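This report concerns only the one structure given below.
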There are 2 protein chains.
Amino acid sequence: VAVDLGGTNLKVALFNLKYKLIEKQVFNTRQFRTKGVLIKAITNSVRNMLGHNGIGIRQVLGVGLGLPGPIDAQKGIVHFFPNIPGWKEVPLKQLLEKSLCLPVFLDNDANLMALAEYELGAARGSRFAICITLGTGVGGGLVFGGNLSRGKSNATGEIGHMPINEEGPRCNCGGTACLETYIGNDRIAAYARKLFKRDISLEELSRLAKRGDTRAIKVWSDVGRHLGAALVSVVNLLNLDCIVIGGGVANAGKVLFERIKEVIAQQAMRVQAEDVRVFRARLGSDAGLLGAAISVRRKN
Amino acid sequence: VAVDLGGTNLKVALFNLKYKLIEKQVFNTRQFRTKGVLIKAITNSVRNMLGHNGIGIRQVLGVGLGLPGPIDAQKGIVHFFPNIPGWKEVPLKQLLEKSLCLPVFLDNDANLMALAEYELGAARGSRFAICITLGTGVGGGLVFGGNLSRGKSNATGEIGHMPINEEGPRCNCGGTACLETYIGNDRIAAYARKLFKRDISLEELSRLAKRGDTRAIKVWSDVGRHLGAALVSVVNLLNLDCIVIGGGVANAGKVLFERIKEVIAQQAMRVQAEDVRVFRARLGSDAGLLGAAISVRRKN
């Protein structure tokens with residue numbers, strides 16, 4: 001059983017051992033007003049899904065959850081959620097295990113998306129990968145030698161908060177000139193608004209770039225340049241063999257990806273630049289669910 | 001047996017199983033004009049040292065070598081040495097094993113210094129550490145979860161080639177605004193020359209800073225600011241628990257270290273900043289030899 005909790009949607013899904021999706025239920029997260037109600041919704045959905053598929057507890061390996069915030073994966077504790085109020089140091093693993101009588105595994109969504117792309121997606125066959133999600137925030141997960149690289153507090157992969165200049169815009173995290181302050185969705189939209197002198201969605205910006213619009217191409221090329229600068233740091237430091245880029249912005253397509261590859265080829269060290277390949281994420285919006293399912297199989 | 005080959009000195013040493021130094025021989029590297037002569041000098045020194053200490057081949061675990069350039073540690077091949085001519089794709093492990101009849105382990109010097117600080121020095125007890133050497137170049141080694149993190153081609157840890165700005169000085173590596181272009185020894189000396197309007201050694205600069213000289217303090221504070229900027233990227237990406245800083249520049253002392261800690265505290269994400277501690281390297285100039293000895297014990 002896989003659960004993907006986001007600020008907008010709660011998804012619950014049942015997979016077989018080959019990671020084939022058997023059933024998926026999607027809820028609006030905001031309808032669950034309190035922590036208790038939200039946890040109840042998860043357990044109800046799991047029981048209901050197992051019930052009407054005729055699957056008994058003993059046939060289930062466990063429940064994996066992808067969560068939108070900092071998690072102690074080992075102890076199974078949610079520290080807090082930036083976008084869902086009312087959660088603070090919640091022993092969610094313990095609560096769910098007691099209620100469902102199944103082993104439960106927690107992790108943050110960026111880690112699980114990285115795990116999914118590593119096992120079943122664009123990073124398959126690689127050994128040293130970063131998987132990046134471009135959205136309002138810019139997050140990432142690191143897979144090193146086949147395992148998630150968690151660091152001291154399960155807080156690795158924050159490529160969005162690597163400063164790419166010594167001076168620049170202030171970031172919500174308290175830092176200065178973080179990558180996210182250049183290529184977070186809102187920043188891209190604001191930059192495009194300046195160039196086009198009107199509101200323009202990122203979707204339209206991608207369509208225009210594909211049709212050859214010079215201003216749209218400039219926007220994505222600049223996004224690629226900023227992201228490339230951070231990735232030069234990452235590959236020189238970590239000698240990766242694979243970079244996977246997903247999230248809405250990854251739809252910008254060729255202009256963006258070509259620019260990123262160009263920056264790495266020109267600016268990174270020779271060995272590091274030659275070792276690394278850059279791919280678009282393959283698993284789309286179900287990557288989080290798949291990663292949660294995989295985490296059950298790997299028992300972490 | 002441990003060997004530390006540098007552009008200036010070749011050191012060969014004998015350690016007991018508690019890493020106590022039994023004997024050390026130091027040679028001027030430049031007297032060995034060819035690759036063959038240099039290899040011969042290593043094998044002669046090893047044989048000679050074992051001989052007059054009355055130690056037989058069977059009492060020796062193996063020979064570890066720290067080398068000043070990119071190495072394929074697994075295959076035991078030296079790709080090349082930036083500062084010693086005549087080495088290209090040399091199967092050094094095989095050559096030495098044949099000649100010495102002992103297991104031989106190769107690695108680059110930055111990795112071995114990191115390993116030594118991790119096992120016996122300032123990073124002892126940590127689990128996610130970077131060990132940085134400040135010199136003409138700025139290098140580093142990563143220890144993750146107790147093991148050297150090597151990446152695809154054993155080329156991790158190049159913190160000196162993380163760009164800290166999108167625009168800035170060109171670097172020898174082909175990149176732009178790499179950390180090394182701000183805080184490599186020559187760059188620090190050039191910056192100091194400007195402020196003092198005369199040639200001034202880094203040693204003097206450290207002494208002056210300790211005595212409260214404003215200009216010297218400014219130099220080290222700026223070095224700390226640049227290095228801190230790169231370290232903010234590193235800790236946000238890797239959630240380290242330990243940063244070890246060695247090499248001549250680390251003697252600058254308090255001003256430098258306080259500035260680095262200040263930048264991390266102010267600019268890095270809260271969890272990552274709280275998790276990490278910054279130490280001065282403890283093992284001094286024999287760190288490379290110790291790391292080479294440890295690599296034999298660890299068989300890698």
Side-chain angles (χ1 to χ4, degrees), chain A residues 70 79 126-130 140 142 144-145 147 149-168 171 173-179 182 225-226 228-230 232-242 263 265-276, chain B residues 70 79 126-130 140 142 144-145 147 149-168 171 173-179 182 225-226 228-230 232-242 263 265-276:
Chain A
H79 294 312
S126 79
R127 297 195 12 96
F128 308 98
I130 189 167
L142 286 168
F144 249 61
N147 292 303
S149 180
R150 300 179 176 284
K152 166 93 167 159
S153 298
N154 199 30
T156 58
E158 293 288 3
I159 185 173
H161 299 285
M162 291 175 76
I164 58 173
N165 286 298
E166 290 186 279
E167 290 179 20
C171 182
C173 79
T176 301
C178 293
L179 176 63
Y182 296 86
R225 180 167 54 82
H226 296 309
V232 167
S233 275
V234 175
V235 300
N236 281 354
L237 185 67
L238 298 180
N239 189 201
L240 302 175
D241 56 5
C242 184
V263 172
Q266 285 170 358
Q267 309 271 328
M269 297 175 89
R270 194 179 53 79
V271 169
Q272 283 87 336
E274 284 172 3
D275 277 346
V276 77
Chain B
H79 294 312
S126 79
R127 295 195 16 94
F128 308 97
I130 189 167
L142 286 168
F144 250 61
N147 292 304
S149 179
R150 301 179 175 284
K152 166 91 168 160
S153 299
N154 199 31
T156 57
E158 293 287 3
I159 185 174
H161 299 285
M162 293 176 74
I164 60 172
N165 287 298
E166 291 186 281
E167 290 178 20
C171 181
C173 79
T176 300
C178 293
L179 175 62
Y182 296 85
R225 179 166 54 83
H226 296 309
V232 167
S233 275
V234 174
V235 300
N236 282 353
L237 185 68
L238 298 180
N239 189 200
L240 301 175
D241 55 6
C242 184
V263 173
Q266 285 169 358
Q267 308 273 328
M269 298 176 89
R270 195 180 52 79
V271 170
Q272 282 87 337
E274 284 172 2
D275 277 346
V276 77

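Worth saying up front: this structure is predicted, and the values here are computed from it rather than measured. By convention in this document, chain letters (A, B, ...) are assigned in the order of the sequence lines, proteins followed by strands, and residues within each chain are numbered from 1.
- Across B/V235, B/T176, B/L179, the residue that shares the most heavy-atom pairs under 4.5 angstrom with chain A is B/T176.
- Looking at B/I130, the atoms closer than 4.5 Å to chain A (heavy atoms on both sides) all sit in the side chain, from C-beta outward.
- For A/Q266, the part sitting under 4.5 Å from any heavy atom of chain B is the backbone (N, CA, C, O) and nothing else.
- With a 4.5 angstrom heavy-atom cutoff, A/Q272 touches chain B only via side-chain atoms.
- How far CG of A/L238 is from OG of B/S149: 6.5 Å, rounded to the nearest 0.5 Å.
- Checked by atom type and distance alone, the side chain of B/N236 never pairs as donor or acceptor with a backbone atom of A/M162 at under 3.5 Å.
- Using a 4.5 Å cut-off between heavy atoms, A/L237 contacts chain B through both its backbone and its side chain.
- Ranked by heavy-atom pairs under 4.5 Å with chain B, the first of A/D241, A/V276, A/L142 is A/D241.
- When heavy atoms are compared at a cutoff of 4.5 Å, A/H226 approaches chain B by way of both its backbone and its side chain.
- Of all the listed residues (A/H161, A/H79, A/E166), the one sharing the greatest number of non-hydrogen pairs under 4.5 Å with chain B is A/E166.
- By number of non-hydrogen pairs under 4.5 angstrom with chain A, the leading residue of B/E274, B/E158, B/K152, B/Q267 is B/K152.
- Atoms CD1 and CD1, on B/I164 and A/I164 in that order, are 13.0 Å from each other to the nearest 0.5 Å.
- Taking 4.5 Å as the limit, every side-chain heavy atom of B/N239 sits out of range of all side-chain heavy atoms of A/R150.
- Atom CE of B/M269 is separated from atom SG of A/C178 by 7.5 Å, given to the nearest 0.5 angstrom.
- Among all heavy-atom pairs drawn from B/S233 and A/P163, the shortest one is OG-CD, 3.3 Å.
- Counting heavy-atom pairs under 4.5 Å between each of A/G228, A/G157, A/G174 and chain B puts A/G157 at the top.
- Among B/G140, B/A155, B/P70, the residue making the largest number of heavy-atom pairs under 4.5 Å with chain A is B/A155.
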